[in-house]
Number of protein chains: 2
Amino acid sequence: MKSQPITIKDIARILGISPSTVSRALKDHPDISPKTKQLVQTFAEKVNYRPNALALSLRSSKTNTIGIVIPEIVHHFFSSVISGIEDVAYGRGYNAIICQTNENYQREVIDLQALVDNRVDGILVSMSKNTHEFTHFENLRENGVPVVFFDRICEQISSDRVIADDFEGARIATKHLIGKGCKKIMHLAAPQHLLIGKNRKEGFTSALKEHKLVSDDRYIIKCDTREAVFAKADDIIRLAPEIDGIFAVNDSTAIAAMQVLQRNGYSIPKDIAVAGFGDGPNANIAYPPLTTVEQKGYDIGQAAMRLLIGHIEGTVEDEEFETKIFTPELVERTSSQLGHNVR
Amino acid sequence: MKSQPITIKDIARILGISPSTVSRALKDHPDISPKTKQLVQTFAEKVNYRPNALALSLRSSKTNTIGIVIPEIVHHFFSSVISGIEDVAYGRGYNAIICQTNENYQREVIDLQALVDNRVDGILVSMSKNTHEFTHFENLRENGVPVVFFDRICEQISSDRVIADDFEGARIATKHLIGKGCKKIMHLAAPQHLLIGKNRKEGFTSALKEHKLVSDDRYIIKCDTREAVFAKADDIIRLAPEIDGIFAVNDSTAIAAMQVLQRNGYSIPKDIAVAGFGDGPNANIAYPPLTTVEQKGYDIGQAAMRLLIGHIEGTVEDEEFETKIFTPELVERTSSQLGHNVR
DNA sequence: AACGACACCGCAAACGTTTGCGGTAATTTT
DNA sequence: AAAATTACCGCAAACGTTTGCGGTGTCGTT
């Protein structure tokens, strides 16, 4: 059954008319007589004619396809973003080509080139951690391809951007802990050369200052993975008697910290309240359920795609760039109810 | 800077030669003189010429693009599969267009049509739950598009298939519990009209029979989400004194069960050993870390893509289909060490 | 009877490539 | 010196569409 799909030429040949007439008949062009239209349309229907998107794209230089370049797909945040992009794209008639760089600069360069070669109408990109050269991004502009950066933006390239407000998210979470009565809060921080590490820590300290609480450097511990928590467990336990709250840079770190504390006789949230920063669906699984700020990956994806469409379809000035900031939302659960017992 | 990318025609015009010569010079055709080759190649290099993939595809009817149709992207298993597909695809020079059906039959139909319209070289699909009509799959065969089903396969369509062996996975997990000394094991089961529910339950009972253990229907409880566990908490607690093990149809159910038991004074795994079935990275987060069987999404994706390439590149007979079965692997952690204390 | 108006349709070029074939000039062979 | 070979290059068609323009035929109008 391996037959080539039927073309306008085929229809023209079979019906004994010209391809131009078929083409026009199919789109109700006034130059075509009602009979011919009827003939062509019913026949096309019968043989299930579908226009060749490649030919259309080549002629119109419009592919109705966009490219997504992303460090990792297996990551709750990024897959949420993709999902948001996909849904908007689908609604507007766009397809999405997805490229995963695996945090590899070389692959990022090659992926972008492939997308340009395929004449995508626009590109959404979240930079690899190992990208420190930006000419491949500049080339996009020279090729006239609209780009929107999200999450891992490129500060050296002026373009549309959609980001999560890590500073504000951390600030909100910390203020929440303070509101629950915490006076001495520990922060489990990510490396400060990473933007999220820096911004979330600054959001934390900002909230402390705002409430005139001392920010003790001893309370800031560098650990941002489950394993790191176990490695620094002694440090945490040593300080545990002094503190009444923990704000962790991500959920798995927060959860690990809760477990370390629980194994050492502390009760969460009775003795120590805990809040995390959303990196997935773990928060609900934890015991007790973890209060955390949720980064709205789906919304970010939707917003990025909408901005991109704005540029593609020319409803936005070319050199007029926008930065959309999404403030994470606090999801209050049990882990932060200082003083409360959990059954 | 919105300039169209340079074409072979442009080069020909600028250099005062014909497009054919440029084309041949670029691919070292013997008919072209060394000087002209040199001229063309260095010039093409200078202006950063890149062939238009659309034009190439149209002419060769080969797009080097494959389509992926998937129910949900935000799901650890599926995003792992995509990642596996992506990595193989990248290595073989293919791009991937991803379509998310959101378990919607209509969208599945439309997505498939769009992929065919774009002349993808092949399609990887995992069916929506709400698909009970299969003509859209049959149409693919008529259009000569190779298809490989993975995970949610379509039994009515003969094709390549890549699946996880749910029966065997459940059997392995149950046998593991039995090996740890469990005699009376509870099963938290998914609805039996779903394949995974049916297969995993049967794997469970098969292991019991093999070891001549009674399979008590009272021990099979229908609940497959965290919420369902809490809803049926009373039933579980009532039976808890009798049992010494639990095999849950997925990890979040297993974890919820552990928490319910712990809150009622039971110690895991001292009193009751627990095993789950892998649906994500939750198992490590749990307390105690959960013994579970891991479905190898990444491997499944790789295998599916390799099978598809086999058909696309014609190294496999057209009507010769293969079914690849991936047996999940037990990952032994603390939750199943019956009788042991956790610190 | 001649003219304009209108309805309907096809030619050909274009999008960017590749490639069979033919053509010209230079070189080698007799 | 004529013929045969070789080296090199361009024409044109093709992939499947769309679209400006021109062409034919049938009217109706003076």
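Just so it is clear: chains get the letters A, B, ... in the order the sequence lines come, proteins before strands, and each one is counted from 1. Source: prediction; values computed, not measured.
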Q) With A/A96, which residues qualify under side-chain contact (heavy atoms from CB on, under 4.5 Å), at least two apart? A) A/I66, A/I68, A/E86
**Q.** Ring geometry between A/H311 and A/F321 (parallel below 30°, tilted from 30 to 60°, perpendicular above 60°)
**A.** tilted
Q) Do any of residues 46-61 of chain A sit with a heavy atom less than 4.0 Å from DNA chain D, and if so which? A) A/Y49, A/R50, A/P51, A/N52, A/A55, A/L56, A/R59
(Q) My understanding is that only residues two or more places apart in sequence, or in another chain, count here; which of them pass side-chain contact (heavy atoms from CB on, under 4.5 Å) with A/S20? (A) A/S18, A/R24
**Q.** Close residues, residues 9-34 of chain B, relative to DNA chain C [heavy-atom separation under 4.0 Å]
**A.** B/K9, B/S20, B/S23, B/R24, B/K27
Q.
Can you tell whether the side chains of A/E322 and A/R306 come within less than 4.0 Å, N to carboxylate O?
A. no
Q: Please identify each residue that fulfils side-chain contact (heavy atoms from CB on, under 4.5 Å) with B/S80, with sequence neighbours left out.
A: A/V74, B/H76
(Q) Filter on ring pair (Phe, Tyr, Trp, His ring centres under 6.0 Å), then keep only pairs touching residues 96-128 of chain B, sequence neighbours left out; what's left? (A) B/Y105-B/H136
Q | Qualifying side chain to side chain donor-acceptor pair (under 3.5 Å) pairs with a residue from residues 47-61 of chain A, counting only residues at least two apart or across chains | A | A/R50-B/D117
Q. Given axes from five pairs at either end, by how many degrees does the helix from C/dA1-D/dT30 to C/dT30-D/dA1 bend, rounded to 10°?
A. 80°
Q: Please step through side-chain contact (heavy atoms from CB on, under 4.5 Å) for the pair A/I82 and A/I70, ending with a clear verdict.
A: CA-CA 9 Å; A/I82 296 178; A/I70 216 164; 3.7 Å; yes
Q.
By the salt bridge (charged side-chain N to carboxylate O under 4.0 Å, His left out) test, which pairs, at least two apart or in different chains, include something from residues 60-69 of chain A?
A. A/K62-A/D121
Q: Please name all residues satisfying salt bridge (charged side-chain N to carboxylate O under 4.0 Å, His left out) with A/R161, sequence neighbours left out, ordered by chain then number.
A: none
**Q.** Residues in side-chain contact (heavy atoms from CB on, under 4.5 Å) contact with A/I325, at least two apart in sequence or another chain
**A.** A/I163, A/D165, A/T323
Q. Just the endpoints, please: which first and last nucleotides of DNA chain C, 5' to 3', lie under 4.0 Å from a heavy atom of chain B?
A. C/dC15 to C/dG20
Q: Assign the ring pair A/F77 / A/H75 to parallel, tilted or perpendicular, where the plane angle (0 to 90°) is split at 30° and 60°.
A: perpendicular
